J.: 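First, the structure itself, so that you have it in front of you.
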Amino acid sequence: MTAAITIETYDSTYRMPSLTDARAEERALVVAAQRGETEAFAALVRQHQRRAYAVCRAIVLTHEDAEDAVQEGFLHAFKALDRFLPDQPFGAWLYRIMANASLDLVRRRKVRDADELPDTVPMPFRDPGESDELRRRLNMALTKLTDRQRSVIVLHDLEGFTHGEIGSMLGIPEGTARSDLHHARAALRRLLKDVRSDL
Amino acid sequence: MSDIRLYNSDDDEVVSGLRSLYAAPSSDGYWNELEARIMSRVADVELGWWTELDRWVRPAIAAAAALLLATGAAMYHAHQVEQEIAAESMLTAPAVPVSTAIRSIPQDDREARTRFLFGR
């Protein structure tokens, strides 16, 4: 979605027609899905599932939770499809639902962990191929960020969402997203500096 | 707005590290399977009577409006016919003769005499 917006803003004369076609195609799929055509909804899933996964993965702690959140998010979207206005950008609407599904899952996990494992600190990231010190430290540093800071830095720096889009997804003002990003980057830079001096 | 001002070379390293930590599965098989799981759950969704009702709201409103129009038209037509019949019945002459319409008062001689005497 962000890529599409960026292209539209900076390269509108060159790519606008294909972008418009893509939007029209997506709109047609949405309308068909609203009429109850499941194949159209499957096409929307196919189109958006990778980015939806990325949004969820930025918010939850593990790959497995991201998978669960993506499935929940698409189910919510399917149930709420009648209320979606096809002229709006479908991606923005869908990713907000994904973010909400992820935030719900994080809340549920916190409650469960508080009930079941009061004295343990969860290791948040799966990292089967972790091989170097830098990545290990980065992983540790991420656990020291707040959930929101971590989500904001991943959504912005990895996925390319704008502050406004991140604010809308996480339900925070754009300025807060900007400030979270600044603090998260500063914290990670400090860590990297320590690692470099240690190595 | 750009974040160039806040971005420095250390961030490249951070982003690169984050990218490896947050890498999504790249195999097409994985995504096909995930899509299948999502669609299988979508197929199981019991939408509930309110959703089903919601789907029928627009056709129901249209049907109700059509019914209302038809009823209104029928009532108007019936009223018109009634008025026409009333107007016609007023304009046409009565079928019975005037003499039969006036009640006859039978009087015999004695009664007439009594009336004459006491009526004064």
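Remember, predicted model here, so these are calculated numbers, not experimental data. Note on naming: letters A, B, ... go to the chains in the order of the sequence lines (proteins, then strands), and numbering restarts at 1 for each one.
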J.: What option among A/L158, A/L188, A/V45 has the most heavy-atom pairs under 4.5 Å with chain B?
T.: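 The answer is A/L158.
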J.: Could you check whether B/E82 and B/H77, counting side-chain N and O atoms only, form a donor-acceptor pair closer than 3.5 Å?
T.: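 Looking only at side-chain atoms, B/E82 and B/H77 do not form any donor-acceptor pair under 3.5 Å.
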J.: A/H48 and A/F74: aromatic ring centres closer than 6.0 Å?
T.: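 Between A/F74 and A/H48, which both carry aromatic rings, the centre distance is not below 6.0 Å.
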J.: What part of A/A42 is in contact with chain B, defined as an atom under 4.5 angstrom from a non-hydrogen atom: side chain, backbone, both or neither?
T.: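 Contact with chain B is through both the backbone and side chain of A/A42.
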J.: Can you tell me which portion of A/A58 sits under 4.5 Å from chain B's heavy atoms? Options are side chain, backbone, both or neither.
T.: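 Answer is backbone: N, CA, C or O of A/A58 sit under 4.5 Å from chain B.
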J.: Of all residues at least two apart in sequence or in a different chain, which pass the side chain to side chain donor-acceptor pair (under 3.5 Å) check with A/E37?
T.: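 Once residues adjacent in sequence are excluded, the partners of A/E37 under the side chain to side chain donor-acceptor pair (under 3.5 Å) criterion are A/R35.
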J.: Hydrogens and angles aside, do B/Y30 and A/E67 bring a side-chain donor and acceptor to less than 3.5 Å of each other?
T.: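 B/Y30 vs A/E67: donor-acceptor pair found between side chains.
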